[in-house]
Amino acid sequence: MPAPRAADPIKPDAKAALIVIDVQNCFVDGGTLPVKGGADIVPIINKLAPAFANIVITQDWHTPGHVSFASAHSGKKPFETTQLSYGTQVLWPDHCIQGTEDAAVLKDLKLPKAELVIRKGYHTDTDSYSAFKEADGKTPTGLAGYLKERGIDTVFLVGLATDFCVAWSAVDARKAGFTTYVIEDATRAIDLNGSLAAAWKQMTEAGVKRIQSGDIRLG
Ligand code: VGL
Ligand code: ZN
């Protein structure tokens, strides 16, 4: 018997886009910054994708020696923090370096219709968890403009990691005026020092709608 649903199924229309955040080798087992269960979301995303007229993919795409890497800060270890000009930065293992196999999108992801790939985090001195704005809070990636020019007003977010790139993208999507859904079971989290609960609180306060893949009507 299917799981009971809280509300009527949601049918994404021509003004909706599926945004697939950072489903890259770096964020699954065998990668440089693995997220627990990260690869488990691939079949869920593959099942959802045909229901969408528009699909956008993002890739975390760092320079070697990127400011978000602990290795770029003497005396710092991964998962510690440091203060940068734009605020507190979590320091990560070296990950998702431009052009490497580690930064490639998972081969099993089947998104033949994906129309745009947004790369982010490619400025050495600035991180970018969000698909919309770099961590300085100012520099746009161009995604909001792209979506608006194409008449898209609603975004559905899936991918990695729930509490970093998905959450920051979802909050920025709301700031840019999009109706925003996060499909929770098509995400996995890093959950560093309570970051997952904090991220859901911020997303909820920003008006992000938290749904499950079973809430989407596929046919
Ligand atoms: C991410 C940490 C560092 C993410 C990217 O995709 O959530 N997390 N870089
Ligand atoms: Zn990164």
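In this chain, residues are counted from 1 in sequence order. Not measured: the values here are computed from a predicted model. When a ligand or atom number is given, it counts from 1 through the structure's own listing order.
In terms of N/O distances under 3.5 Å, ligand 1 is approached by Ala161. In terms of N/O distances under 3.5 Å, ligand 1 is not approached by Ile190. For the pair His95 and ligand 1, the shortest N or O to N or O distance falls below 3.5 Å. Residue contacts with ligand 1: Asp22 is placed with a nitrogen or oxygen under 3.5 Å of a nitrogen or oxygen of the ligand (distance criterion only).
Angle NE2(His95) to the Zn ion (ligand 2) to NE2(His62): 90° [nearest 10 degrees].
In this structure, His95 has its ring center under 6.0 Å from that of Phe69.
Under 3.5 Å, the side chains of Asp172 and Ser169 contain no donor-acceptor pair of N or O atoms. Between the side chains of Thr63 and Thr124, at least one donor N or O sits under 3.5 Å from an acceptor N or O.
Taking 4.0 Å as the cut-off, Phe27 counts as a neighbour of ligand 1 on heavy-atom distance.
Scanning all protein heavy atoms for the shortest distance to atom 5 (C) of ligand 1 gives Asp60 OD2, 3.1 Å.
A salt bridge is defined here as a Lys NZ or Arg NE, NH1 or NH2 lying under 4.0 Å from an Asp or Glu carboxylate O, and Asp60 with Arg119 fails to meet this definition. Between Glu101 and Lys107 there is a salt bridge, since at least one side-chain N of the basic residue sits less than 4.0 Å from a carboxylate O of the acidic one. Using a cutoff of 4.0 Å between basic side-chain nitrogens and carboxylate oxygens, Lys201 and Glu205 are scored as salt-bridged.
Among the backbone and side-chain atoms of Asp60, an N, O or S atom lies under 2.8 Å from the Zn ion (ligand 2).
When heavy-atom distances to ligand 1 are checked against a 4.0 Å cut-off, Val90 has no atom that comes that close, whether in backbone or side chain.
Listed by atom number, the atoms of ligand 1 under 4.0 Å from Leu160 heavy atoms are 4 (C), 6 (O), 7 (O).
Under the 6.0 Å distance and 45° angle rule, Lys138 does not count as a cation-pi partner of Tyr86.
Here atom 4 (C) of ligand 1 lies nearest to Cys165 when heavy atoms of Cys165, Cys26, Gly159, Ser128 are compared.
In terms of heavy atoms, Arg217 sits closest to Pro9 at CB-CB, 3.9 Å.
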